[in-house]
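Please read the structure below before turning to the comments.
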Amino acid sequence: MQKLLSKIRPGQHVTVASIQDSFLKPKLMEMGLIIGKEIEVLFCAPLGDPIAIDVQGYVLSLRLEEAALIQVNIAGKSKDFS
Amino acid sequence: MKIALLGNPNTGKSSIFNLLTGMRQHVGNFPGVTVDKKIGAVTYNGKTYSIIDFPGTYSVYPRSKDEQVVYEVVSNPNHEDYPSVALVVVDATNIERNLLLFSQIYDLNIPCVLALNMRDLAKTKGIEIDLIGLQTAFPAAKIVETNARAGFGKDRLLNALESAERNSVHSPFLQNAKLAAVEDYKAQETEAAERFEKIQLLVQQIKKVTAVKKQSFDTKLDRILVHPIFGYVIFSAVLLIIFQFIFAVATIPMDLIDGSFSTFSSYVASLLPEGIFSDLIAQGIIPGIGGVVVFVPQIALLFFFISLLEESGYLARVVFIMDRIMRPLGLNGKSVVPLLSSVACAIPGVMATRTISDWKERLTTILVAPLMSCSARIPVYTLLIALVIPNKTLFHFFNLQGLVLFALYALGLFAALLVAFILKQTIKTKEKGYLLLELPSFKPPQWKNVGMVVWEKLRVFVTDAGKVILAISIILWAMATFGPSDQMQLAEKQTRVMAQKKALSAEVTEQKVAAIRLENSYIGILGKTIEPVIRPLGYDWKIGISLITSFAAREVFVGSLATIYAVQDDGGENKRLIDRLREDKRADGRPTYTLASGVSLMIFYVFAMQCMATLAVVKRETKSWKWPLIQIGFMAALAYTGAWIAYTLLA
């Protein structure tokens with residue numbers, strides 16, 4: 001199932017499916033968000049924005065606006081967070 | 001020989017820079033752009049290497065002005081800063097992402113040294129890197145293992161820089177690699193994808209992960225630091241400690257500096273023969289330098305704490321929790337520290353905006369920072385509050401004078417946020433604001449790096465801002481000392497005759513003479529000239545003079561009033577000055593200082609850019625006179641309008 005990264009709840013593991021064309025696309029890719037990359041949403045700031053994700057090796061924070069550029073595949077092993 | 005120091009942010013790049021160059025550093029400019037160029041020198045085997053510390057980037061392709069210089073330099077062999085050797089720092093804990101930039105530089109055929117840093121940290125995370133495998137993938141590069149935090153690897157780095165292969169074309173890491181244009185996003189995407197494909201294959205071979213920890217200590221700590229309640233509680237506590245230091249601790253050396261400069265100035269005055277030259281040195285230059293040096297303790301302390309927070313990794317978390325709150329105002333999470341710093345002093349506040357990569361958000365922060373009430377306004381506020389606000393208790397709890405002081409601070413903050421919001425709608429830029437910020441892992445701060453930051457900020461402030469402050473101090477001194485000579489002499493003579501008739505003491509006579517000289521100086525004449533303009537605000541020419549002199553710095557207002565009213569500024573409670581001000585009457589017999597004119601003055605000082613030091617720093621940070629002039633303009637407009645409204649309503 002595909003979703004936008006901005007809709008993913010903390011604790012979920014996903015993989016990058018595609019990034020919407022924008023001036024930030026190369027930047028996001030250069031920061032390691034390449035297709036197939038496994039990432040985990042770690043936590044979000046108090047108002048739900050920005051969010052912090054684990055990009056295997058480092059923690060990247062980005063605004064929901066930027067996260068909404070990224071389509072992700074939801075992997076099987078998602079933790080229940082509720 | 002020119003060396004370019006490149007690398008991702010948070011890789012220990014500045015530690016390596018400090019390791020190599022020590023104190024032999026200075027800050028220059030890249031031609032044509034508003035980015036600082038940090039240059040350091042190191043001599044090894046008789047050769048001197050000039051090392052340029054470039055801004056940290058994830059790739060050669062820029063998205064901000066800071067990153068632009070990397071692209072401009074490495075893409076153009078004719079650029080004056082084009083390096084003979086590129087020293088690229090690679091963080092062993094995150095080798096995949098770091099190798100992207102390295103492989104780009106490698107493929108530009110610039111001789112490369114790869115400094116594999118933080119391998120010890122990688123080991124504790126269970127990551128092993130096979131150096132031979134890495135060397136095989138990049139045969140033309142020199143690979144050196146460093147541990148800059150432990151101060152280890154300097155000689156090997158220098159040795160590698162010396163022997164780095166020159167002028168030899170090697171086969172690229174990525175076949176057919178070609179540098180894309182800055183605007184060519186498609187080519188950059190393809191390149192990033194292709195590079196990572198190769199890098200991932202390589203990393204699979206050379207990186208061995210032995211232990212995998214599920215949830216790291218960092219993440220646990222982060223859950224507390226970004227917690228909706230604890231996150232802000234911790235941040236407030238940190239701020240409280242910092243401001244305690246800035247207000248309570250920094251005042252001790254500041255008073256000391258203030259005192260020694262005035263002692264020194266009277267000492268010099270007593271040494272030199274009386275005259276203009278002695279006056280210039282004792283009343284113009286020495287207090288001018290003193291006015292610069294007096295800020296040093298606050299700036300040093302503030303940057304000490306800021307770089308401590310930055311080094312430890314906490315600052316990135318502050319940005320993270322504040323970003324959403326600041327965004328609707330056209331500001332950035334990174335604006336929080338500069339704005340709060342400005343409550344101490346706008347100078348370090350403006351200097352601290354460097355971390356904001358988005359130009360519009362940075363400019364907005366710079367423009368509104370001086371609206372935050374700084375410590376130089378305190379003497380003005382306290383004098384005026386004591387003068388016109390009754391010392392009453394409201395609801396058995398609130399002290400009215402304290403409430404007014406609080407209201408002045410709140411007004412400054414409110415104005416800063418409001419102006420930011422207006423600027424958001426008016427300043428147009430091509431760059432779109434975004435936040436892609438690495439939350440670096442927590443580590444104990446490196447004292448050497450902290451020390452270097454403080455040293456560099458102080459040097460920039462003293463040399464750059466210092467020049468302007470000194471120049472304006474001398475101009476203001478000259479205007480207060482000289483006047484149309486016959487008019488001044490006549491007034492002085494009359495005063496002396498009158499003093500003799502009344503048999504006044506020598507001290508009182510000199511005070512009266514000083515007052516009459518100031519009244520007849522060019523500044524005095526200017527004060528009288530602007531009287532019609534400031535009369536609607538409830539001010540007379542005496543206040544006009546103080547407004548002009550306090551353009552140097554706000555606290556000068558009190559000293560100028562003391563001179564005009566010919567009383568000794570006793571520094572502490574201004575008791576005698578307050579009594580004189582209370583007695584002062586206008587031509588029509590009404591008192592000069594009423595609730596209306598007092599509040600009007602307070603509001604004027606909340607808004608007006610009465611600080612040339614800040615102007616000088618804004619000029620330095622924006623690299624043009626355009627923004628400081630705009631800033632002084634809108635702040636003057638706010639001050640005038642605000643003061644006029646207050647006076648009209650209360651009079």
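Quick note on labels: first sequence line is chain A, next is B, and so on, each numbered from 1.
For a residue to count as touching a neighbouring chain, one of its non-hydrogen atoms must lie under 4.5 Å from one of that chain's; by this rule B/Gln200 touches chain A with the side chain only. Contacts of B/Glu197 with chain A are absent, with no heavy-atom separation under 4.5 Å from either backbone or side chain. Only the side chain of B/Arg327 has a heavy atom closer than 4.5 Å to any heavy atom of chain A. Heavy atoms closer than 4.5 Å to chain B are found in both the backbone and the side chain of A/Leu60. Heavy atoms of A/Leu64 lying under 4.5 Å from chain B are absent altogether. The contact between B/Leu100 and chain A is made entirely by side chain atoms (from C-beta outward), counting heavy-atom distances below 4.5 Å.
With chain B as partner, the option from A/Ser22, A/Pro50, A/Cys44, A/Ala52 having the largest number of non-hydrogen pairs under 4.5 angstrom is A/Pro50. Ranked by non-hydrogen atom pairs under 4.5 Å with chain B, the options A/Leu62, A/Val55, A/Asp49 are led by A/Asp49. When B/Ile199, B/Ile229, B/Asp323 are compared by the number of non-hydrogen pairs under 4.5 Å with chain A, B/Asp323 comes out ahead. Ranked by heavy-atom pairs under 4.5 Å with chain A, the first of B/His227, B/Arg324, B/Lys186, B/Arg195 is B/Arg324. Comparing A/Met29, A/Gln56, A/Arg63, A/Glu30 by how many heavy-atom pairs each has under 4.5 Å with chain B, the most go to A/Arg63. Comparing B/Ile127, B/Val226, B/Val319, B/Leu436 by heavy-atom pairs within less than 4.5 Å of chain A, the highest count is held by B/Leu436.
What you find for A/Ala67 and A/Leu5 is that their closest heavy atoms are O-CB, 3.4 Å.
Atom NZ of A/Lys7 has 12 or fewer heavy atoms from other residues, nucleotides or ligands within 6.0 Å.
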(message) If you apply the rule salt bridge (Lys or Arg N to Asp or Glu O under 4.0 Å), what do you find for B/Arg97 with B/Glu438, and how did you get there?
(response) CA-CA 12 Å; B/Arg97 195 199 64 202; B/Glu438 183 176 347; 3.3 Å; yes
(request) Check the pair B/Glu96 / A/Lys37 against salt bridge (Lys or Arg N to Asp or Glu O under 4.0 Å), numbers first and verdict last. (result) CA-CA 12 Å; B/Glu96 183 181 305; A/Lys37 186 84 173 187; 2.7 Å; yes
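Atoms CD1 and NE2, on A/Ile8 and A/His13 in that order, are 12.0 Å from each other to the nearest 0.5 Å. From A/Ile39, atom CD1 reaches atom CG of A/Asp54 across 9.0 Å, with rounding to the nearest 0.5 Å.
Below 30°, between 30° and 60°, or above 60°: for A/Phe23 and B/Tyr434 the angle between ring planes is above 60°, a perpendicular geometry. Using a 30° and 60° split on the angle between ring planes, A/Phe43 and B/Phe320 fall in the perpendicular class, above 60°.
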